[in-house]
Amino acid sequence: IVSTALTYLESLRDDAGDDPELAFELASAYEKVGSVQGLPLKNNLGDTAGALESYANALRILKPLMARGDLPAERLTLRVLHRDAHVRRARGDRTEADTAFERAWQAAEGALARMLDDPDVLDTAASSASDTSRAAFELRDLVRAERFALVAMELSTRLSALFPER
């Protein structure tokens with residue numbers, strides 16, 4: 001099924017260039033396929049290399065949308081970067097995972113500047129900060145781990161204050 005989905009997505013990629021809505025849907029589909037392939041937070045097929053490739057395809061498609069200031073594309077980019085980092089951690093390379101979590105955090109920080117009260121951005125940013133803290137801790141960078149833990153707590157507090165139902 002995943003192979004069929006990837007073949008179908010590849011056939012649509014050329015058509016997506018001139019259609020921002022199709023491009024967004026295509027990137028979203030790549031993100032979903034990547035998660036099925038190898039996101040360790042959910043049941044998956046164990047294909048971490050395939051997951052990273054699918055996430056990379058999603059990010060390539062999202063890049064021009066981000067350049068246009070497309071906020072939904074920015075939200076999806078945050079999620080893809082965060083999931084990419086989780087897959088890298090599952091592969092066992094702590095340094096690569098740390099770099100990926102840092103990249104996800106940088107994207108989250110930028111999104112927070114534009115969408116501070118967006119619940120999805122706050123949620124993903126808090127998770128990114130928390131996971132960046134854990135990655136730093138695994139590398140025994142305790143000062144950085146503490147800094148990101150505090151940021152995660154601040155964002156989580158803001159999220160629960162603004163959206164108590166979450």
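Keep in mind that this is a model prediction, so the values were computed, not measured. Side-chain atoms are counted along with the backbone in the values below, which use heavy atoms only and exclude waters and symmetry mates.
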Please evaluate residues L78 and S128 with respect to the criterion side chain to side chain contact (heavy atoms under 4.5 Å, CB included), reporting the C-alpha separation (whole Å), side-chain torsions for both, the decisive distance (0.1 Å), and the verdict. CA-CA 9 Å; L78 294 179; S128 289; over 6 Å; no

Just do the side chain to side chain contact (heavy atoms under 4.5 Å, CB included) check on Q106 and L81 with the steps written out, would you? CA-CA 10 Å; Q106 288 172 0; L81 287 169; over 6 Å; no

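Evaluation of the salt bridge (Lys or Arg N to Asp or Glu O under 4.0 Å) rule for R83 yields E31 as partners, not counting sequence neighbours. In this view, R91 and T48 satisfy the side chain to side chain donor-acceptor pair (under 3.5 Å) rule, not counting sequence neighbours. R94 is linked by a salt bridge (Lys or Arg N to Asp or Glu O under 4.0 Å) to nothing, counting only residues two or more places apart in sequence or in another chain.
L22 and F24 are members of different hydrophobic clusters when ILVMFWY side chains are connected at heavy-atom separations under 4.5 Å. No single ILVMFWY cluster, assembled from side-chain heavy atoms under 4.5 Å apart, contains both Y55 and W105. Both L159 and L112 sit in one connected hydrophobic cluster of ILVMFWY residues. Membership requires side-chain heavy atoms under 4.5 Å apart, directly or through other members. L39 and V80 fall within the same hydrophobic cluster, defined by Ile, Leu, Val, Met, Phe, Trp and Tyr side-chain heavy atoms under 4.5 Å apart, directly or through other members. Residues V33 and V87 are members of separate hydrophobic clusters, defined by side-chain heavy-atom contacts under 4.5 angstrom among Ile, Leu, Val, Met, Phe, Trp and Tyr.
One finds the OG1 atom of T132 at 11.5 Å from the CG atom of D141 (value rounded to the nearest 0.5 Å). Distance check, rounded to the nearest 0.5 Å: CZ of F163 to CG of L122 gives 6.5 Å. Here the CG-OG distance, from L142 to S133, works out to 9.5 Å after rounding to the nearest 0.5 Å. The structure places CG of L9 at 5.5 Å from CG of L26, a figure rounded to the nearest 0.5 Å. Atoms CD and CG, from E25 and L76 in turn, are 9.5 Å apart once rounded to the nearest 0.5 Å.
Across Q37 and S54, no two heavy atoms sit closer than the pair OE1-OG, 2.6 Å. Summarising the geometry of A27 relative to I61, their closest heavy-atom pair is CB-CG2, 3.9 Å, with the distance given to 0.1 Å. In terms of heavy-atom proximity, R79 sits nearest to T124 at N-CG2, 4.3 Å. When all heavy atoms of A152 and S130 are compared, the pair lying nearest together is CB-N, 3.6 Å.
Considering only heavy atoms from C-beta on, L65 comes within 4.5 Å of L62 through its side chain. At a threshold of 4.5 Å between non-hydrogen side-chain atoms, the residues F101 and R134 do not count as touching. Put simply, the side chain of R88 reaches to within 4.5 Å of the side chain of L52, judged on heavy atoms.
A donor-acceptor pair under 3.5 Å links the side-chain atoms of S160 to the main chain of T157, judged by distance alone.
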Return a table of donor-acceptor pairs under 3.5 angstrom between the side chains of residues 143-150 and protein atoms on other chains or two or more places apart.
from: R144; atom 1: NH1; to: D98; atom 2: OD1; distance (Å): 3.0
from: R144; atom 1: NH1; to: D98; atom 2: OD2; distance (Å): 3.3
from: R144; atom 1: NH2; to: D98; atom 2: OD1; distance (Å): 3.0
from: R144; atom 1: NH2; to: E102; atom 2: OE1; distance (Å): 3.0

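Applying the salt bridge (Lys or Arg N to Asp or Glu O under 4.0 Å) test to pairs two or more places apart or on separate chains, none has a residue in residues 47-69. Sorted by first and then second residue, the pairs that involve residues 112-121 and meet salt bridge (Lys or Arg N to Asp or Glu O under 4.0 Å), not counting sequence neighbours, are E74-R114, R75-D118, D117-R158, D120-R166.
Partner of V36 under the side-chain contact (heavy atoms from CB on, under 4.5 Å) criterion, out of V2, N43, N44: V2 alone.
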